[in-house]
Amino acid sequence: MNAEQAKIEIERLTDLIHHHNYLYYVDSNPEISDYDFDMLLLKLQELEKEFPQFAYDNSPTKRVGGDITKKFETVEHRFPMLSLSNSYSEEEIVDWVNRVKKIIDEEIEYVCELKYDGVAIGIRYENGQLTRAVTRGDGEKGEDVTNNVRTIRSVPLKLKGDFPEDFEIRGEIFMPQKQFQKLNSEREEIGETPFANPRNTASGTLKLQDSKIVAERGLDSYLYGLYGVNHNLKGHFEAVNEAGNWGFKVPSVKNRFIEKTNSIEGIMDFIHYWDKQRENLEFEIDGIVLKVNSYSQQQKLGFTAKSPRWAIAFKFKANRVETKLLEVTYQVGRTGAITPVANLEPVSLGGTTVKRASLHNADQIEKLDLHQGDFVFVEKGGEIIPKIVGINEQKRTESNLKIEFIVDCPECQTKLIRREGEAQHYCPNENFCPPQEKGRIEHFISRKALNIDGLGVETIDLLYSKGLIRNCADLYEITFEQIVSLDRMAEKSADNLLKSIEISKEIPFERVLFGLGIRFVGETVAKKLAKQFKNIDSIISASYDELIQTEEIGEKIAISVQQYFLEESNLEIINRLKNKGLWFQIREKEKLSAILEGKTIVVSGTFETFSRDELKELIDRNGGKNGSSVSGNTDYLVAGVNMGPAKLKKATDLGVKIISEDEFIKLISS
Ligand code: IVH
């Protein structure tokens, strides 16, 4: 393909992908399969790599992220970003309506909307292209988070229809419940503390430096306000609707996310409806927003120092009940982390019966000043698990002693530790504390690791209590007789279990590595480690510096990996697993030659014939070693187009041989 053809094809694919992205993420009405969509994107990515001069700033390939923001620049808002005055009762709403009526002596329409519980954002579009996205900040100045906002699928990168030349749209970025739960279960799987609630997580995510991680987190948006638009729009409701025609995800009348009314009754009906229905939404709202619709009436009403007079927020009461604390118990996780749990007298809250609430850690108990037998207030707010928000001190008696955090592990009686700067207590008895041992086995057999079917939590419990397993290596030594001797274990199930244990020996190295349960080594990190080091022995002997040079591996992970392999018992388990035939090295593609034996080669830039990854694979398959950066050890630098000048200079200074893609191909085919 020549440059001219490439330019046309890039334009065609760009528009096509924008269109299908809109259908999927805004319209919820896709026309092509996910696979076909991915194929289009891949094609565009490849073309952009080859012809970077034609790639758009707002290319749909930006959705997958990759741009890093070292420091978020502070920018002044073109229109100050105000907040809303809050109200908590229906009387306050009636008062507001009366205040409005006093100033506006004509028919008034009110727009009722959801109050999305996320992070406010202002996004500027120039000539239909997203040019800048800024957080609220202090209302005067915010932070430029454009790279990260570009990854949010429901925010259009390029507008359609009859849009204004230069304007700003404001709205809310949030994390849907499903994404939040997925993220937290992934975090728990690798021993990270789960995030507290979707709102803070959305806010934190928007400020991550690596937009690739933002892209994976699945943020979403609703947009609710236009600024700097000179269209002939009568009011807010029409404006929101019009913004929908330009490709924005805006609330719709169909599902009652937005509604126009001219009466108090209409407003109250909307409030009551959502107070009940909000549980069923896929994202969180913390109230309702009411706005006077007409722009000219809004102008007449004006602003107070902090907020518009033409709008008000009605905040829902968090679902709160009072109940009695029966007992605080303590759970021990796979990593030894201790979580205190409040066991409560069962009470109904927001449609479910609540019996337990997480207390997070010792600080939380201290902060609440929790005493035995206290009557506590429980809320189901942003968090999935209900939370104790306060104590009814009037009901406390002298005999209610203060709750003291435990000193010893409730499961194995080992003295607990609390590391410098950490909120969590840990049981350090990794090797003999039952829930830690069982938790590690459960992780090892889980679907994304060794995927051993027919071995649920209960069977692990049984095998463990009979003393048949203490670690994952023991699984490969249990016999048919031992399994059938367990309660409720039929011969057929025993057979199946043994079969799936046998099959797991074929699971690739990166999943075995993930299954070991090294703290902070999730699926992705395990993949990166496997790819970089090829086998377990190289990981075991890797220096700290070698580890942190690996993509996505930072200080925290490197230290954790090294600590894991310092532990004699871990090495022993690995040896036993190796002897049973599990994969502890990546399955190499067939070797092509040994022509690059002993040579370290760095690949940089974009290329004509091969992609960068393909070149790296060729180096591998011809016996060479891929270097991640140019150093004194580098033998060749394969230089493509668009390579950083600094790298080129460093290579020249160090006397590294710089070769082109063609020269590289000649080298390996000689
Ligand atoms: S309108 C001039 N509409 O609530 C006020 N805000 O306290 C413009 N919010 O910072 C805001 N849903 O982050 C408006 N439907 C909605 C909203 C909404 C959530 C947030 C927004 C704002 C805060 C106001």
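Positions are given from 1, in the same order as the sequence printed here. Atoms within each ligand, like the ligands themselves, are counted from 1 in listed order.
- Taking atom 17 (C) of ligand 1 as the reference point, the nearest protein heavy-atom neighbour is Tyr224 CE2, 3.4 Å.
- Close approach to Pro308 involves these atoms of ligand 1, each under 4.0 Å from a residue heavy atom: 2 (C).
- Between Trp310 and Phe303, the two ring planes are perpendicular [angle over 60°; tilted spans 30° to 60°].
- Of the N or O atoms in Leu82, none lie within a sub-3.5 Å distance of an N or O in ligand 1.
- Listed by first and then second residue, the side chain to side chain donor-acceptor pair (under 3.5 Å) pairs that reach into residues 24-34 are Ser33-Asp36, sequence neighbours excluded.
- Remark: ligand 1 and Leu84 share an N or O pair separated by less than 3.5 Å (distance only, no angle test).
- In terms of protein heavy-atom proximity, atom 12 (N) of ligand 1 is closest to Tyr116 N, 3.1 Å.
- Every atom of ligand 1 with a heavy atom of Glu113 under 4.0 Å away is listed here by number and element: 3 (N), 15 (N), 16 (C).
- Judged by the shortest distance from any of its heavy atoms, Lys291 lies inside the 4.0 Å radius around the atoms of ligand 1.
- Sorted by first and then second residue, the salt bridge (Lys or Arg N to Asp or Glu O under 4.0 Å) pairs with a member in residues 285-297 read Glu113-Lys291, Lys115-Asp286, Asp286-Lys315; sequence neighbours excluded.
- The environment of CG in Asp105 is sparse: at most 12 heavy-atom neighbours from other residues, nucleotides or ligands sit within 6.0 Å.
- A salt bridge does not link Lys387 to Glu379: none of the charged side-chain nitrogens sits closer than 4.0 Å to a carboxylate oxygen.
- Considering backbone and side-chain N/O atoms, Glu172 comes within less than 3.5 Å of an N/O atom of ligand 1.
- Taking a cutoff of 4.0 Å between a charged side-chain nitrogen and a carboxylate oxygen, Asp166 and Arg78 qualify as a salt bridge.
- Taking the six-membered ring where tryptophan is involved, the planes of Phe167 and Tyr125 are essentially parallel, since the angle between them stays under 30° and well short of 60°.
- The residue Asp117 has no part lying near ligand 1, judged by heavy-atom distances below 4.0 Å.
- In terms of protein heavy atoms, atom 4 (O) of ligand 1 is closest to Lys115 NZ, 3.1 Å.
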